[in-house]
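Below is one structure, written out as structure tokens; comments come after it.
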Amino acid sequence: MNTALIDDVKEAYIKEFNTEPILIFSPGRINIIGEHTDYNEGFVFPAAVDKGIAAAIQKSNSSVSTAYALDMNSKVEFKLDALKPLKEGSWENYVFGVVAEIQNRNKVLGNFNIVFKGNIPSGAGMSSSAALENSVVFGLNELFNLGFTKEEMIFISQKAEHNYVGVNCGIMDQYASMFGIKDHALLLDCRTIKAKPYKIDFKNHQLLLINTNVKHSLSDSAYNDRRSACEHIAKLLHVKALRDATEDDLETIKDAVTPTNYQKALYVIQENERARKASKAMEENDIEKLGELIYGSHKGLSKQYKVSCEELDFLVEKAKESGYVIGARMMGGGFGGCTINLIEKEKAKIFKESVSKAYKEKFNKECSVYFVNLSDGTHLVK
Ligand code: GLA
């Protein structure tokens, strides 16, 4: 499936370091519904996909470690005991962060070399970063017999993102990437970190992603701001997280918060409810209902939570107008990346053509359309 990608990192590794590496594949993810609910300890509904990061990794006898981002043809040598985050936006931070977080847990690492390459477009909102973090922690766990469970590994990846990348993300991306199950989506309770798998078969409908191919700046700081606002309101409500609050609770403190923060909290409470309803709709095979909830999610993300952008709104509008997309919304953190669409299978091709044309006309740039398969989580490649 990702054979070419895996062969590439293996070949580059052998060329560079002259030994056989172990190989890891770590997928990106989609999310059907439940956006910005994870850090509010609520529900999300992600799935791992058949695109992600392939990594080749092996111990090194040298006095330094090397990480090689094959896509960017960029290489860095580093010492394990002197890791500091580099400037914002540096790919190295994902690797350094994972290494540092492992060491913070009193585990001893030796030097290693890693070569990685991905096929998730960066900025697509499909979690290439979680895929990379997971590939590094999974690889190091194997190489040095660290004995981490998968659950421990995803928290290491998440902390790397918080402390080295600077994004105070929730746990959805790392979870979905690590624990994905082929042909399934996972209804994850982000408080208990337990998920219920749902076999995905939308009969004559399918999922389709459309990438705006934009990533607006400030998305990281806007993300962190949203998270702080939610935590602030949870505190005012005397609950551990917004997951514990109802719309009525929120009403009681309406005067104590700004109207924009009120809307944000309301969005989270409603989105969490939509994620629960979506799982029920799926159990009842009520695909129309699921679609409705997905459109509702976009409206909330755009109008209340304010993490959409013109390009995403345009794509969702076109989906609605088409008449054969029964649900569409922006996916992931926002401010760019992809929309996820629930579309009649037979109409996918014609929609792809019409939406691509309209997007080009409107923004004078291309969008990209992806069909994805739901896949297993981070694993060794034999
Ligand atoms: C990003 C974060 C996730 C999650 C989503 C929004 O992908 O990494 O933790 O908060 O945004 O749902």
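For ligands, and for the atoms within them, numbers begin at 1 and follow the listed sequence. For reference, positions follow the sequence shown, starting with 1.
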[X] and [Y]: aromatic ring centres closer than 6.0 Å?
X: H36; Y: Y305; answer: yes
X: F45; Y: Y198; answer: yes
X: F96; Y: W91; answer: no
X: Y223; Y: Y39; answer: yes

Going by distance only, is there an N or O of [X] that falls short of 3.5 Å from an N or O of ligand 1?
X: D173; answer: yes
X: H36; answer: yes
X: M172; answer: no

At a 4.0 Å threshold, what atoms of ligand 1 neighbour a non-hydrogen atom of [X]?
X: Y39; answer: 10 (O)
X: G170; answer: 9 (O)
X: G333; answer: 1 (C), 7 (O), 11 (O)

Protein contact to atom 10 (O) of ligand 1 [nearest heavy atom, distance to 0.1 Å]: Y223 OH, 2.5 Å
Do me a favour and list the nearest non-hydrogen protein atom to atom 3 (C) of ligand 1 with residue, atom name and distance? D38 OD2, 3.3 Å
What class does the angle between the rings of F314 and F363 fall in, given that below 30° is parallel, 30 to 60° is tilted and above 60° is perpendicular? perpendicular
For G332, is the nearest heavy atom under 4.0 Å from an atom of ligand 1? yes
Proximity flag R29 to ligand 1, non-hydrogen atoms under 4.0 Å: yes
Got E20 and I14 here, is their nearest side-chain heavy-atom distance under 4.5 Å? yes
Donor-acceptor pair between Y175 and D38 side chains, under 3.5 angstrom: no
